[in-house]
Amino acid sequence: MREYTELEKIRLAKLERLRTAGFEPYPPRAERTHTTAQALAAYAQNPPTDTHAAHGAYTVAGRVKAIRVMGKSTFAHIEDGAGRLQLFLRVNDLGETAYRAFVDLFDLGDFVQAAGGLFTTKSGEVTLWVKEFRLLAKAVSPLPAAKEEVVDGQKRVYSAFDNPEARYRERYADLAVNPEVRDIFRARARITAALRQFLDGQGFLEVETPILQPLYGGAAARPFVTHHNQLHQDLYLRISFELYLKRLLVGGLERVYEIGRDFRNEGVSFKHNPEFTQLEFYWAYADYEQVMRLTEAMVAHVADTVLGRRTLTYQGREINLNPGWPRLPLADGIAQYTGLDINAYPTAEGLLGAMEAKGIHADPKSTRGKLVEKLLGDFVEEHLQQPTFIVDYPRDISPLAKAKPGNPAVVERFEGYVAGFELCNAFTELNDPLDQEQRFIEMGRDYAADSEDTHPLDEDYLRAMRYGMPPNGGFGMGVDRLVMLLTDKATIREVLLFPHLRSREE
RNA sequence: GGGCCGUUAGCUCAAUGGCAGAGCAGGUGCCUUUUAAGCACUUGGUUGGGGGUUCGAGUCCCUCACGGCUCACCA
């Protein structure tokens with residue numbers, strides 16, 4: 001345990017004096033008849049004729065956010081989950097002992113309970129005229145001294161607690177002093193609820209599949225490895241849900257989805273966190289065209305539910321989430337922004353040569369698919385501000401997707417882009433077990449392979465597929481990115497309660 | 001992993017290589033309708049850690065840690 005700071009020592013001394021004065025600093029129970037919002041609403045609904053006297057009986061509870069001592073009377077603000085309310089305390093009403101205890105021994109950050117009637121002050125604020133108060137929990141450590149007041153409907157913030165490292169490391173303090181941070185996570189909960197509501201309404205079944213997996217797959221990422229001691233078995237934290245959800249289609253569950261955490265042992269960036277929330281669904285008898293239409297409808301439903309509208313401003317740009325997103329074939333997009341016709345170069349060597357001729361440098365060991373991805377990422381993505389489906393991807397970077405009839409080099413796959421980043425990825429799923437095995441082998445897998453570049457072959461997945469898998473469309477979406485979009489946050493860390501940070505020596 | 005920038009009081013920030021400061025928070029008083037309340041006085045620092053240059057380092061150099069942005073990585 002570290003040493004207490006001077007400020008903490010002062011509060012610990014107050015804590016002892018409170019006990020002596022008969023204020024239990026951590027009582028087991030609180031009583032509350034109204035939230036601050038309920039109290040204010042009740043007063044507004046039934047306004048008294050004499051607004052300068054206290055009316056009604058309200059008991060509220062919350063954290064002390066401001067104290068203004070004016071001699072024998074004191075104003076304070078408390079904040080609860082619903083809002084804030086001003087308290088008015090007078091020595092006449094409370095007695096010398098109790099009044100002095102509040103003034104001398106209560107601090108910003110303490111949780112208190114206060115009872116009394118409501119009145120309107122000279123300056124027009126509805127305020128609780130306190131007849132009784134209790135301490136509910138003493139704050140030993142002072143919260144970061146952020147000041148924030150609403151004046152004329154304008155929120156003014158003073159000395160905000162805004163150092164990103166401190167805010168993420170001590171998210172509890174961030175939440176305690178920055179109400180707008182709490183709003184992000186309220187929005188996040190509404191977003192995931194709206195996704196579930198939408199998919200449930202479409203007849204999808206929410207399921208839970210293993211996070212600890214003996215083999216990993218379904219995405220292009222390195223896994224975290226762990227170990228089961230009793231079973232003497234290495235296990236991987238899942239990098240996707242895909243292979244398990246599609247096993248369920250074999251089992252006769254026709255529409256399934258899962259919202260949960262994926263873990264990818266990759267770089268951290270403004271749009272990547274080692275653990276992140278994914279939504280995947282699989283839909284028997286549908287193809288990627290139907291999945292596109294469902295995606296548009298789902299995103300619009302979430303916007304309707306969470307924002308009440310389908311247009312939003314993301315980082316200063318207007319985004320329109322109405323269905324009818326353009327379908328842009330990947331080759332056309334690349335041609336549009338680079339002038340390169342990738343269809344004219346069916347081999348990696350040929351495409352690399354054409355790129356070099358345009359001054360675009362790439363790793364000469366790249367496969368053709370990797371080169372295409374680089375062109376997409378470097379030249380096309382940034383232009384996809386309005387929602388856009390990029391469709392029809394190279395087969396060699398899409399081992400789980402079904403080939404497009406008449407064009408075996410291209411698969412029925414789409415990615416949804418909004419605000420210049422990838423939001424979702426989906427395809428008409430490959431359900432031919434022989435083709436699937438061939439694809440795995442093409443990817444460089446064999447039954448023993450397990451390296452950075454090649455994933456182990458999931459024989460059980462092939463076994464499932466051999467029993468017969470209905471044709472289906474599958475979909476995956478980074479939920480954190482959807483939350484970023486709908487809350488106008490530029491980094492994924494702002495929409496994760498506890499984003500990954502390197503550990504710090506204590 | 002690379003590049004750039006940053007780390008000073010509880011919080012937000014100042015400080016030509018020359019006495020480490022302000023506002024808020026805290027403490028002691030005054031103040032019975034304030035709301036960034038006000039007024040007076042006041043406490044608080046291993047300037048992220050370590051090393052170096054210098055008469056003298058918050059400031060310059062090296063190094064380590066952590067963070068931010070960015071690039072790379074992410075079939």
Side-chain angles (χ1 to χ4, degrees), chain A residues 4-11 13-14 51-52 65-77 84 86-94 99 103-104 107-109 119-125 127 129 139 141-151 156-170 173-174 177-178 217-222 239 264-272 274 276 363 366-374 377-378 393-401 422 439-440 442-445 452-455 490-491 493 499 501-505:
Chain A
Y4 288 109
T5 65
E6 281 309 308
L7 296 178
E8 288 168 336
K9 286 174 183 165
I10 290 164
R11 289 189 176 207
K14 288 181 180 179
T51 57
H52 297 299
K65 300 293 282 190
I67 301 177
R68 293 178 292 280
V69 180
M70 308 181 55
K72 296 187 173 58
S73 73
T74 290
F75 287 95
H77 270 98
R84 34 169 53 208
Q86 182 166 252
L87 309 182
F88 179 53
L89 302 93
R90 288 198 319 172
V91 66
N92 312 37
D93 308 314
L94 299 166
Y99 181 76
V103 169
D104 294 339
D107 286 299
L108 298 183
F119 74 111
T120 306
T121 65
K122 278 181 182 170
S123 49
E125 179 162 356
T127 297
W129 197 311
S141 303
L143 283 165
K147 281 205 163 233
E148 161 263 322
E149 294 293 327
V150 178
V151 178
R156 304 163 71 186
V157 179
Y158 307 92
S159 300
F161 177 52
D162 62 3
N163 177 278
E165 180 179 4
R167 287 181 48 231
Y168 301 147
R169 286 197 194 280
E170 300 194 11
D174 185 28
V177 302
N178 292 323
R222 280 179 287 166
I239 59 172
R264 295 187 182 176
N265 209 335
E266 307 284 357
V268 176
S269 82
F270 74 94
K271 56 180 173 178
H272 297 89
F276 65 100
D363 181 354
S366 299
T367 62
R368 181 174 178 280
K370 285 281 242 179
L371 294 172
V372 171
E373 276 200 326
K374 179 178 172 58
D378 289 357
Y393 280 67
R395 168 190 157 107
D396 69 303
I397 51 170
S398 315
L400 301 166
E422 180 195 337
R439 300 281 198 97
F440 282 161
E442 278 174 26
M443 292 301 296
R445 299 178 194 192
E452 281 195 12
D453 299 321
T454 59
H455 287 182
T491 89
R493 289 183 294 273
L501 294 176
R502 209 182 295 263
S503 54
R504 183 178 55 176
E505 299 292 322

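For the numbers below, each heavy atom of this structure counts, side chains included, while hydrogens, waters and symmetry mates do not. Since the structure is predicted, the reported quantities are computational estimates derived from the model, not experimental observations. In what follows, every chain begins at residue 1, and chains take the letters A, B, ... in the order their sequences are listed.
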Within the 4.5 Å heavy-atom criterion, are [X] and [Y] side-chain neighbours or not?
X: A:Arg395; Y: A:Arg439; value: yes
X: A:Arg90; Y: A:Lys72; value: no
X: A:Phe88; Y: A:Thr121; value: no
X: A:Leu108; Y: A:Ile67; value: yes
X: A:Phe276; Y: A:Arg264; value: yes
X: A:Glu266; Y: A:His272; value: no

Suppose you measure atom [atom1] in [N] against the same atom in [M]; what distance do you get, rounded to whole Å?
N: B:C55; M: B:U43; atom1: C1'; value: 33 Å
N: B:G45; M: B:U7; atom1: C1'; value: 15 Å
N: B:U46; M: B:U28; atom1: C1'; value: 29 Å
N: B:G18; M: B:U54; atom1: C1'; value: 12 Å
N: B:G21; M: B:A9; atom1: C1'; value: 10 Å
N: B:G44; M: B:U34; atom1: C1'; value: 28 Å
N: B:A36; M: B:A25; atom1: C1'; value: 12 Å
N: B:U59; M: B:G6; atom1: P; value: 13 Å

Go through [options] for me and flag the one nearest to the [X] side chain.
X: A:Thr121; options: B:U34, B:C73, B:G68; answer: B:U34
X: A:Gln86; options: B:U33, B:U34, B:C31; answer: B:U34
X: A:Glu266; options: B:C73, B:U70, B:G68; answer: B:C73
X: A:Phe161; options: B:U34, B:U32, B:U12; answer: B:U12
X: A:Arg493; options: B:U32, B:C69, B:C74; answer: B:C69
X: A:Glu165; options: B:U32, B:U70, B:C66; answer: B:C66

For the base of B:U7, is there a side-chain donor-acceptor partner from A:Asn163 under 3.5 Å away? no
Below 3.5 Å, does any donor atom in the side chain of A:Ser73 face an acceptor in the base of B:U33, or the other way round? no
Between A:Arg167 and A:Asn178, does a side-chain contact (heavy atoms from CB on, under 4.5 Å) hold up when you go through it step by step? CA-CA 10 Å; A:Arg167 287 181 48 231; A:Asn178 292 323; 4.1 Å; yes
Would you classify [X] as touching base, sugar-phosphate or nothing, given that sugar-phosphate means primed atoms plus P, OP1 and OP2, and contacts are heavy atoms under 4.0 Å?
X: A:Thr491; value: sugar-phosphate
X: A:Arg395; value: nothing
X: A:Gly369; value: nothing
X: A:Glu125; value: base

Atom pair distance, as rounded to whole Å: [atom1] in [X] and [atom2] in [N]:
X: A:Leu400; N: B:A75; atom1: CG; atom2: P; result: 12 Å
X: A:Arg222; N: B:C73; atom1: CZ; atom2: C1'; result: 7 Å
X: A:Phe75; N: B:C31; atom1: CZ; atom2: C1'; result: 13 Å
X: A:Lys271; N: B:U70; atom1: NZ; atom2: P; result: 10 Å

Should [X] be listed as having a side-chain N or O under 4.0 Å from OP1 or OP2 of [N]?
X: A:Arg502; N: B:C66; answer: yes
X: A:Arg169; N: B:C66; answer: no
X: A:Arg68; N: B:U34; answer: no

Please list, for nucleotides 26-28 of chain B, all pairs of protein and nucleotide N/O atoms separated by less than 3.5 Å.
from: B:G27; atom 1: OP1; to: A:Lys14; atom 2: NZ; distance (Å): 2.4

For A:Glu373 and A:Tyr393, run side-chain contact (heavy atoms from CB on, under 4.5 Å): C-alpha distance rounded to whole Å, both residues' side-chain angles, the deciding distance at 0.1 Å, then the answer. CA-CA 9 Å; A:Glu373 276 200 326; A:Tyr393 280 67; 5.9 Å; no
